[in-house]
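Only one structure is covered here, and it is reproduced in the block below.
Note that the coordinates shown come from a computational prediction; the quantities given were computed from them, not determined experimentally. These values consider heavy atoms only, across backbone and side chains, with no hydrogens, waters or symmetry-generated copies.
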Amino acid sequence: MKGGLGWFVVLCWAVLAGVDSAAAGSKPNIIILIGDDLSPREFPPYDTGVWSSTDEETTDMLKYRARTPMLDKMAREGVFFDRYWSTPICASSRAMMMTGRYASITKWWHNFDYGSWVDENGNVGDIVPLWITSPLGIGQLATAAGYGTLWGGRAGMKDVDNLEKFGFGSGVFVPAPQEVPASSLSDFQIVGRGTDENGDKIMVNLDTGEVEPGARAHRSYTWLPHVLLFNPPKEEGAESGRLVYYPNTEETKEAYNIGTFGPDVDMDVTKAFMESCTENDKPFFLYATSRIGHKAYDFLNGEPDTWPPTPKLWWNPNTQRYVKQESIVTGDAGNYTTTGINKGGIRRHVEYLDYTLWQFEEKCKELGVLDNTVIIFATDNGTKGYGKAVEKKQRGPHVPLFVYAPGLGMTKKGRSHELASSVDLLPTVADLMGVSDLLDGYEINGESLYPYLFGDAEKHTREYNFSYQTRFIGHVQLIRGSYVMKDGANRWFDVSEEKRDLDSYPRIYDWSSLPQEYRDERDRLRDVMAEQYVYETEHDYVGPLPS
């Protein structure tokens with residue numbers, strides 16, 4: 001049964017419960033950082049000639065261009081891919097990353113479009129959990145391989161009550177409003193307060209008490225953040241438990257204020273996790289799904305849909321180090337004065353992600369484990385205003401991918417034109433962790449990048465990139481090969497020659513004018529789409545449940 005695998009699912013759960021981690025010492029540490037809503041053009045190594053401005057326009061003005069010394073280094077000394085795809089929207093992309101599977105199996109088709117399921121008690125659920133459709137996810141594999149596991153940043157799995165079932169032992173993230181109650185320490189929230197005479201929701205900013213027309217429910221992930229800890233370490237005097245809001249110690253409670261920046265909290269928790277694993281001779285697997293890059297409400301300036309301010313950063317080219325200024329915020333109820341905080345914008349979010357990657361490398365150096373660590377950076381979908389939820393050309397699913405492992409003998413360096421997909425992350429991680437045998441007989445759509453990145457393979461084995469999304473016109477598919485590409489508007493393009501902007505491919509109108517190999521590839525891609533098009537017939541999950 002497709003996606004169910006019956007008895008094998010039960011066997012997998014038994015394996016995960018019993019794998020001995022005694023031989024884990026030689027396994028490489030793995031860090032995966034996922035940025036939010038950012039296209040390759042926002043990152044200087046891609047040299048696209050254009051990027052996004054703060055008002056979501058395409059520009060070549062340098063004042064909007066990010067500076068990314070760490071990603072520049074990763075691009076030189078590691079590999080970065082310019083033909084890497086996910087999906088045009090976050091939920092289905094994250095499902096791909098975590099499971100190595102397309103929605104034909106996971107049933108995560110799009111934001112707000114998930115397959116239903118029936119639980120063991122006969123209750124119908126509107127959103128089937130990934131750990132039901134795909135019990136061998138990226139976290140379960142890490143646990144089976146004997147890794148310490150932490151999920152940081154943004155869960156986004158609609159299922160905060162069952163985080164253990166995704167295979168992670170700890171976590172630090174901003175929960176969505178529908179998942180758990182908000183932190184009692186932060187009034188940086190937009191909440192619903194009934195409806196108006198037109199039946200529209202009345203959204204209120206709890207910080208100012210003012211109505212925010214058109215705003216969505218939101219909790220700050222930046223300043224005065226709502227940060228939920230999952231299985232935090234048990235410390236003397238600390239609030240502990242399965243789900244505990246930060247700050248949970250006397251020290252952090254004293255330091256928490258409006259100038260507390262959520263991703264800085266994430267990093268502090270993450271560094272402590274890395275230290276603990278290293279001290280206990282346990283490899284660590286960090287899955288950091290950052291919210292940096294996602295537009296949100298800016299509580300410091302009262303702007304409803306923007307890239308909120310981040311701490312001011314400075315890169316010292318002489319010492320090759322970042323310096324972060326102290327962030328100080330004074331004021332109340334929407335009237336704030338700040339020091340050490342920039343004005344925000346997409347450029348500043350890209351630069352903060354670069355700073356995050358640099359901190360990972362520095363911490364690995366401090367712990368003496370950099371030569372046995374793989375750092376992977378990608379994003380979930382294209383930039384808002386350019387690619388997010390867009391079916392035009394490849395703007396929606398086309399995202400960056402960097403792989404950096406300075407001490408593990410990567411056999412490739414620099415820019416790669418190989419086709420690659422977010423479903424390839426899971427089998428690649430399985431190979432790195434030494435547990436690829438657990439995937440034997442388990443259906444996945446991903447193909448491991450390990451032989452290409454660390455072996456003698458001259459090319460990656462992927463022959464096409466496949467993606468999808470649900471639009472008002474219905475469920476649409478996007479696909480790309482080496483010669484031709486079909487977008488979500490059912491238009492075909494010639495992609496045989498890469499364009500600097502990664503976008504201006506010529507449209508195909510006359511197939512008879514093209515070489516036979518173009519038409520042959522088109523036909524193969526049509527066959528793939530036909531096989532994967534089960535949206536109407538297999539939209540919901542019908543299959544076995546893990547015991």
Side-chain angles (χ1 to χ4, degrees), residues 2 39-41 48 81-89 92-93 96 100-105 109-110 381-382 386-387 389-399 401 415-424 443-447 449 452 457-538:
K2 191 174 184 180
S39 297
R41 72 179 196 163
T48 54
F81 292 79
D82 60 13
R83 297 179 183 179
Y84 177 69
W85 273 29
S86 198
T87 78
I89 203 72
S92 48
S93 295
M96 275 188 174
R101 292 171 152 186
Y102 297 139
S104 55
I105 304 177
W109 304 97
H110 193 77
N381 51 256
Y386 170 77
V390 170
E391 67 260 25
K392 184 178 181 180
K393 300 183 182 178
Q394 64 172 3
R395 293 183 181 184
H398 188 214
V399 290
L401 174 64
R415 186 168 188 150
S416 173
H417 299 307
E418 295 298 301
L419 295 168
S421 168
S422 58
V423 292
D424 297 340
E443 183 178 2
I444 61 172
N445 303 111
E447 300 179 30
L449 285 158
Y452 173 72
E458 294 184 3
K459 295 181 67 61
H460 181 36
T461 54
R462 176 161 296 283
E463 297 180 351
Y464 61 84
N465 280 335
F466 173 70
S467 188
Y468 42 84
Q469 65 174 331
T470 304
R471 306 297 289 159
F472 64 93
I473 58 174
H475 190 69
V476 300
Q477 297 175 312
L478 306 87
I479 198 164
R480 173 177 177 161
S482 298
Y483 301 114
V484 299
M485 172 179 71
K486 188 192 82 71
D487 70 5
N490 212 30
R491 300 173 300 184
W492 289 87
F493 297 87
D494 180 348
V495 294
S496 58
E497 294 184 4
E498 197 55 81
K499 304 301 180 182
R500 182 184 180 188
D501 64 0
L502 305 174
D503 182 66
S504 56
Y505 308 105
R507 187 173 175 183
I508 297 173
Y509 292 97
D510 181 10
W511 285 97
S512 65
S513 66
L514 297 174
Q516 183 63 42
E517 56 262 35
Y518 286 55
R519 297 192 293 274
D520 290 344
E521 183 177 74
R522 175 202 61 188
D523 294 342
R524 291 194 298 271
L525 297 180
R526 283 175 170 169
D527 289 341
V528 172
M529 290 188 289
E531 180 182 356
Q532 287 294 328
Y533 198 87
V534 296
Y535 182 77
E536 279 87 6
T537 58
E538 300 178 31

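Side chain of Asp82 to backbone of Leu502: no donor-acceptor contact under 3.5 angstrom is found. Counting only distance, with no hydrogens or angles, the side chain of Ser39 and the backbone of Arg41 share no donor-acceptor pair below 3.5 Å. Without hydrogens or angle criteria, Asp487 side chain to Lys393 main chain gives a donor-acceptor distance under 3.5 Å. Looking only at distances, no side-chain donor or acceptor of His460 sits under 3.5 Å from a matching main-chain atom of His417. No side-chain donor-acceptor contact under 3.5 Å links Asp523 to the backbone of Asp520. When atom types are taken as modelled, the side chain of Lys486 and the backbone of Gln477 share a donor-acceptor pair closer than 3.5 angstrom.
The side-chain heavy atoms of Val476 and Gln469, taken from C-beta on, include a pair separated by under 4.5 Å. Here the side chains of Val390 and Pro88 are not in contact, with every heavy-atom distance at 4.5 Å or above. At least one side-chain heavy atom of Tyr102 sits less than 4.5 Å from a side-chain heavy atom of Met96. Between Arg480 and Tyr505 the shortest side-chain heavy-atom distance falls below 4.5 Å. By the 4.5 Å heavy-atom criterion applied to side chains, Lys499 and Pro506 are counted as neighbours. Two residues are said to be in side-chain contact when any heavy atoms from C-beta on lie closer than 4.5 Å; Leu449 and Phe81 meet this criterion.
Of all heavy-atom pairs between Ile479 and Met529, the closest is CG2-SD, 3.8 Å. What you find for Tyr464 and Leu525 is that their closest heavy atoms are CB-CD2, 3.6 Å. Across all their heavy atoms, Val495 and Gly481 have their closest contact at CG2-O, 3.8 Å. For the pair Ser93 and Asn381, the tightest heavy-atom approach, listed with the atom from each and the gap, is OG-CB, 4.5 Å. Taking every heavy atom of both residues into account, Ile89 and Ala389 meet most closely at CD1-CB, 3.9 Å. Of all heavy-atom pairs between Pro40 and His398, the closest is CD-O, 3.2 Å.
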Practice item. Give the intermediate values and the outcome of side chain to side chain contact (heavy atoms under 4.5 Å, CB included) for residues Trp85 and Leu478. Key: CA-CA 10 Å; Trp85 273 29; Leu478 306 87; 3.9 Å; yes
Check your understanding: What do the steps show when you test Lys459 against Glu418 for salt bridge (Lys or Arg N to Asp or Glu O under 4.0 Å), and what is the final call?
Key -> CA-CA 7 Å; Lys459 295 181 67 61; Glu418 295 298 301; 3.0 Å; yes
Point to revise | Criterion salt bridge (Lys or Arg N to Asp or Glu O under 4.0 Å) on Arg395 and Asp503, from CA distance to verdict | key: CA-CA 7 Å; Arg395 293 183 181 184; Asp503 182 66; 2.9 Å; yes
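Annotation: the span from Arg83 atom CZ to Arg415 atom CZ amounts to 9.5 Å, rounded to 0.5 Å. In this structure, the separation between CD on Glu447 and CZ on Arg462 is 4.5 Å, given to the nearest 0.5 Å. The CZ atom of Arg519 lies 8.5 Å from the CD atom of Glu517; values are rounded to the nearest 0.5 Å. From Ser104, atom OG reaches atom CG of Asn445 across 5.5 Å, with rounding to the nearest 0.5 Å. Between the CG atom of Asp494 and the CD1 atom of Ile508 there is a distance of 5.0 Å, given to the nearest 0.5 Å.
Heavy-atom neighbours of Tyr483 OH from other residues, nucleotides or ligands within 6.0 Å: at or below the threshold of 12. Atom CD of Glu458 has 12 or fewer heavy atoms from other residues, nucleotides or ligands within 6.0 Å. The number of heavy atoms from other shown groups lying within 6.0 Å of CD (Glu463) does not exceed 12.
Contacts of Tyr84 classified as ring pair (Phe, Tyr, Trp, His ring centres under 6.0 Å), with partners at least two apart in sequence or in another chain: none. Scored by the salt bridge (Lys or Arg N to Asp or Glu O under 4.0 Å) test, Glu391 finds Arg471 as partners (sequence neighbours excluded). By the ring pair (Phe, Tyr, Trp, His ring centres under 6.0 Å) test, Tyr535 is found to be paired with Trp109, His475, His539, residues two or more places apart in sequence or in another chain being considered.
Judged by the 6.0 Å distance and 45° axis criteria, Arg522 is not positioned over the aromatic ring of Trp492.
A donor-acceptor contact closer than 3.5 angstrom is absent between the side chains of Gln532 and Tyr468.
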